[in-house]
Every structure is written in structure tokens, then in C-alpha cells.
Amino acid sequence: MQPVFKVLSVIALVGAMLGASNRASAEWVEWVFAPGIDYRYEDNLNLSSFDADERSDDAMDINVHAGRYLQIGERTRLRLTAGFEAGFFDTYKLLNNVAFSANAVVTHKLGLGKNAAWISPYVVLGYREVRDDIRSGMFMDLGITTGKRLTDRFDMTASLAYRESEGKDGVQIVPGIGADVFDQDRWLVSVQGNFLITNRLILQGDLSHYEGDFVSACTKGNVGTVLAVEDVRAITLDDVFSGCVYRLNGSGNSGALSLSYATGRHSSINASVTYLKGKGDELEYDNTVLQVGFLYNY
Amino acid sequence: MTSIKSALTLAGAVVLLFFAVSSSAATLHATVTADGKGQLVNAVVYAIPKTGLSAAQKEAAKKAINQIDKEFVPSVSVFQTGTDVEFPNQDNIRHHVYSFSDAKTFEIPLYKGVPADPVKFDQPGVVNLGCNIHDWMTAHVLITDTPYFGISNTEGNVVLNDLPVGDYNVYVWHPQQSADTESTSQQVVLHENDDVSLSFTVQEKKQWVPFRAPTRASGSY
């Protein structure tokens, strides 16, 4: 996405949100305080295309969002929050990170009642600081989600998102190929279904497709194959997995199944398994992510 | 002496009048259970005289359904046809009350405090309420022509006091009842000073209402 277009999109979206908040009928309503903690395991954390070079690890993630709702109109509200996230890895501690973000989500109901469809554009702007410094930088999510309850037990959502992140340039190791590995952008489209198993237990299924950049790790032993068969956009040395790391432009799909159990009116336990499969020109990349966590919402 | 006699006569007349009024009233005790699950709370038991209702019996007082901590309180109500119902919002945020029910379709757009005009429930039937801001908020109202009704407590018990003597059809209604009220009705004949007990068993249908809790869902209102 062209930089000018990106900046204009964010400004337009935030401006529309803030402009809407100035309406005479707008009123600040509920506060938001939403902390969460997750245990995560990934079996191919470095997203290697070569089975023997895959590295797994587990991590503890914490996140907190705090802010407030602004009721803009009868069926429209704006959720403004500041977010803090931190990730702590067990083995690959250079991936430990903290992130700060500003989040704005407008939700508009297209009718009256719990079965009315809704539409929700959002923007996230943030900065992530990673111990491995070339991975540190700004990130941005722009997206729109729509959803509707279809029956008493089932509702669906669909999303379109653009994601961009920046890192720092590494050391150039291949002539003619840049070292800005962690400057990435991608488009993501996804659909999600939520099914009530009991009033407290929800089964969620998610299917996503992405087009754009992704990053994979390489070694002395496989970098030659990578450079020969893939259109590598950037490559540099990697302190995390002690080899190299490169960026491709490709596509991928992911599928996830989650269970969410309401432990009370303000909290839930969540468990999920996600399988991702991506592809460059020739090589394929897959990763399985297991996650268990606790969410609270004030 | 004359004044004492007058006072005693008047007192005797008052006592006789008291017993005259009381002696024409009966009491109905009802116990409601859910099939296979024990006592059922929030079941409405109501008695309709077979001979119909007088004009005095049709008068209805103003009632209220509150919003407290983003819930309707009470969640189950019963009102007489023609009742004016207020919806006081006791939260410090606005709510948007609505109903799509045939017996009363209405909408009170975003408001705080007590709306200026109550809503008149002028047709018998069931009215289901919701809040357009907080999708988990629901309440159920039964509107009935008769003034003789009550709602079961946690022991499943209801007491209808001061029922005039006569023949009645007695019904039970619960928001999750799978059968219609006619199929569970009972007939009773009440005489002076009767104290009658009835039992009702309700077949419940499953009500799918997501628990109010955060999820990793990609979005919601």
C-alpha cells in the first residue's frame, strides 16, 4: 500500500471517528478494562520450510486494553482503548517483546435487536519493542468486520484487514537484495462462525486467507535453496535462530478452532488450535499454534 | 351511656363487616415444578374467573421494570391488561429498550433516568423485551386480563390471596415453557374461606442465550 494512501486512510478513519464524537448527542459511556493472559506453543516458530530446521517454543503473553466507549448515536458506538502487550518466550528469549498501541473501533448496528447485522471499521496503531532489535518498529492494522446472529445458537463474522509493520534494517548479506526483512505488509480476509454448545460454552471456527509478506528463517545449509527457488525480497543475519532470516511475498491460509467457556459474567477461559500454511513461489511453510488463556472484561 | 352504646354498636358493625368481606375470599396456593428438575422460579400463575371480570377488576395500576447493572429487574413480570409500565434506567449509562412482540411492539430510544411517558400494555399476551445496546439483556412480560396472579419464588410457590368465590381456570406460564398454557390449565371452584392447593409441572424448552462474558470473537456490539 502506498505510504500516502496509508496515511490518508488512517487520518480519514480517525478523523471520521473523532468527528462523530463531537456530535451533540455523543456521550461517553462504559469504561473498558480488559486484561488477558495466554500460554502459547508454536511448533514452527521460525516458519522454516525445511522440517529438520523447524524450531518450536512456548511463550506467555499478557495483554491489557483500557479505554472507554463513546455512544455516538442510537446504533453507533466508538471504542477507544490504549493497549499494552508483552510476550515472554521460554527458549528464544530474544523474541521477548512489549508493545503499546492505540485502538479505535466504530461499531454500527444495521437494525434493532440482537439479530441485527453490524459493521465495524477499526484502526490499530502501535509500536513493538523486541529484544532482537531489528524486529522492533511501528505496526498498523486497518480493517473492517461485519457480523450477524443467524440463529439463537449461531452467528458469523467476516473481516477484511490490511496489516503493516516496520523493523530496522539488518546487515546486507546478499548483493542486490536489501536487508529490511521486517518491513512487511499483507492483506487478510477471514470468516468466523460461533456456535453455542451450551449457554456458557462457545465453539469458534475461523478460516483466513492472506496475501502479502511473511518472514522465514534460513540456515547455512538451506539458504542456497531458498535463494534459488524463491523471489527473496530481503535477507539478513538472524541472532534469534542463529542463521539468517528472509522476507517473501506469498500467500497462505489458516484455520482455527477455539473453545470459550464463560467462567462468570466478566471472564472466560479460552483454548484454541490454529494451523497455518503459507507458500512462496516454490516452498511451503506451515505452523501449528496452541493457545490457552484467560480473558477478563470489566 | 348513650354514646358508649353507639360506639359499641358501631364497633360491632365494623367487625361484622370485616368478617363479611373476609368470609367471601379464598386463597389459592400453587406449586410449580419443572419436569424432572424440581422447583421452578419465575413461573406466573394466574386465575381467570369463568364468569368474567367486573369493571373494577379490570383497573390496573402503574408498574415498573428497572434496568440495574445492565440487566432488566425483574426479568419476569406479569401485568394486567391496560397497565402503564415505566422503565426506570438506574444505570449511569443509557439503554435502548425495545420489543418486537405482537402483544406490544415498541421502542424507547437511548435514554437515562425515567422516560417521560410510560408504555401502556393494552393487549393480553407475551411481551419479550431487549436492549439494543446490550444484547444479553432480556425480560419477559405476561399481560393478562385478570388481576389474580403471582410469580413463583425460589421454592416454586405462589399464593393468590383474596380470590372471590367462584369457578376459575388457573394457568401457569413460564418464558421457557414448551407447551401452551391451555394444556397445563386446571379448573378450581372456590368457596368461602377455601384454602386450595394446586400443583403444576412445566415442560421446559431450552433457551439459547450466550452468557455475558468476553470471548476471542472477532467483534460484537
Side-chain angles (χ1 to χ4, degrees), chain A residues 25 27-30 34 36 69 71 73-75 77 105 107-109 111-116 118-120 122 143 145-147 149 151-155 157-159 190-192 194 196 198-202 204 206 256 258 260-268 270 272 291 293 295-297, chain B residues 37 67-73 75 89-102 104-113 115 119 127-140 175-176 178 204-221:
Chain A
S25 60
E27 182 184 36
W28 290 103
V29 285
E30 292 106 306
Y69 280 98
Q71 192 73 38
E74 295 287 334
R75 298 172 190 179
R77 47 172 40 189
V105 185
T107 304
H108 176 70
K109 256 182 143 172
L112 192 61
K114 63 183 170 87
N115 294 333
W118 50 269
I119 190 161
S120 191
Y122 65 90
T145 305
T146 184
R149 175 161 294 284
T151 71
D152 284 348
R153 296 181 78 177
F154 184 68
D155 70 271
T157 63
S159 302
S190 59
V191 291
Q192 183 181 72
N194 302 291
L196 279 185
T198 71
N199 285 345
R200 283 182 180 260
L201 185 62
I202 298 175
Q204 297 172 325
D206 185 290
S258 307
S260 181
Y261 180 78
T263 48
R265 289 166 64 191
H266 298 279
S267 59
S268 64
N270 301 270
S272 66
Q291 214 164 349
L295 270 179
Y296 176 85
N297 200 345
Chain B
K37 294 180 188 175
Q67 293 127 78
I68 301 174
D69 192 22
K70 300 178 211 170
E71 300 286 358
F72 286 109
V73 179
S75 60
N89 178 1
Q90 298 188 33
D91 289 335
N92 60 4
I93 54 171
R94 290 190 281 176
H95 291 290
H96 181 160
V97 179
Y98 70 89
S99 167
F100 295 134
S101 301
D102 290 339
K104 189 66 185 183
T105 300
F106 72 96
E107 183 184 350
I108 308 176
L110 284 178
Y111 72 98
K112 271 186 178 178
V119 178
V127 179
N128 297 311
L129 305 175
C131 172
N132 201 41
I133 307 298
H134 310 101
D135 283 340
W136 64 83
M137 287 177 65
T138 57
H140 308 277
Q176 290 169 244
S178 59
E204 279 186 296
K205 64 183 176 192
K206 178 66 181 172
Q207 193 175 36
W208 296 104
V209 179
F211 212 74
R212 174 184 162 187
T215 69
R216 293 199 191 284
S218 57
S220 65
Y221 195 75

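Basis for what follows: all heavy atoms, side chains included, without hydrogens, waters or symmetry-related copies. Residue numbers start from 1 in every chain, and the chains themselves are labelled A, B, ... in the order their sequence lines are given, proteins ahead of strands.
Rounded to the nearest 0.5 Å, atoms NE2 (B/H96) and CZ (A/R75) are 6.5 Å apart. Atoms NZ and CG, on B/K206 and A/L196 in that order, are 9.0 Å from each other to the nearest 0.5 Å.
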Apply salt bridge (Lys or Arg N to Asp or Glu O under 4.0 Å) to residues B/D135 and A/K109 and explain how you reach the verdict. CA-CA 11 Å; B/D135 283 340; A/K109 256 182 143 172; 2.9 Å; yes
Before you tell me yes or no, could you show the steps for B/R94 and A/E74 under salt bridge (Lys or Arg N to Asp or Glu O under 4.0 Å), namely the whole-Å CA-CA distance, both residues' side-chain angles and the distance that decides it to 0.1 Å? CA-CA 10 Å; B/R94 290 190 281 176; A/E74 295 287 334; over 6 Å; no
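Side-chain atoms of A/N199 and B/Q207, non-hydrogen and from C-beta on, never get closer than 4.5 Å to each other. Residues B/H134 and A/K114 have side chains not in contact (no heavy-atom distance under 4.5 Å, counting atoms from C-beta outward).
Side-chain atoms of A/N297 never come within 3.5 Å of backbone atoms of B/P214 as a donor-acceptor pair (strictly under, hydrogens ignored). The backbone N or O of B/A213 lies less than 3.5 Å from no partner atom in the side chain of A/S268, so there is not a single donor-acceptor pair.
For chain B, no part of A/S258 is nearby; none of its heavy atoms comes within less than 4.5 Å. For chain A, the nearby parts of B/D69 are the backbone and the side chain; heavy atoms of each come within less than 4.5 Å. When heavy atoms are compared at a cutoff of 4.5 Å, A/Y296 approaches chain B solely by way of its backbone atoms N, CA, C and O. Using a 4.5 Å cut-off between heavy atoms, B/E107 contacts chain A through its side chain alone, with no backbone atom that close. Contact of A/L112 with chain B is made through backbone and side chain together, with heavy-atom distances under 4.5 Å.
Most heavy-atom pairs under 4.5 Å with chain B: of the set A/I202, A/N270, A/T146, this distinction falls to A/N270.
The nearest pair of heavy atoms linking B/F211 to A/R200 is CZ-NH2, 3.5 Å.
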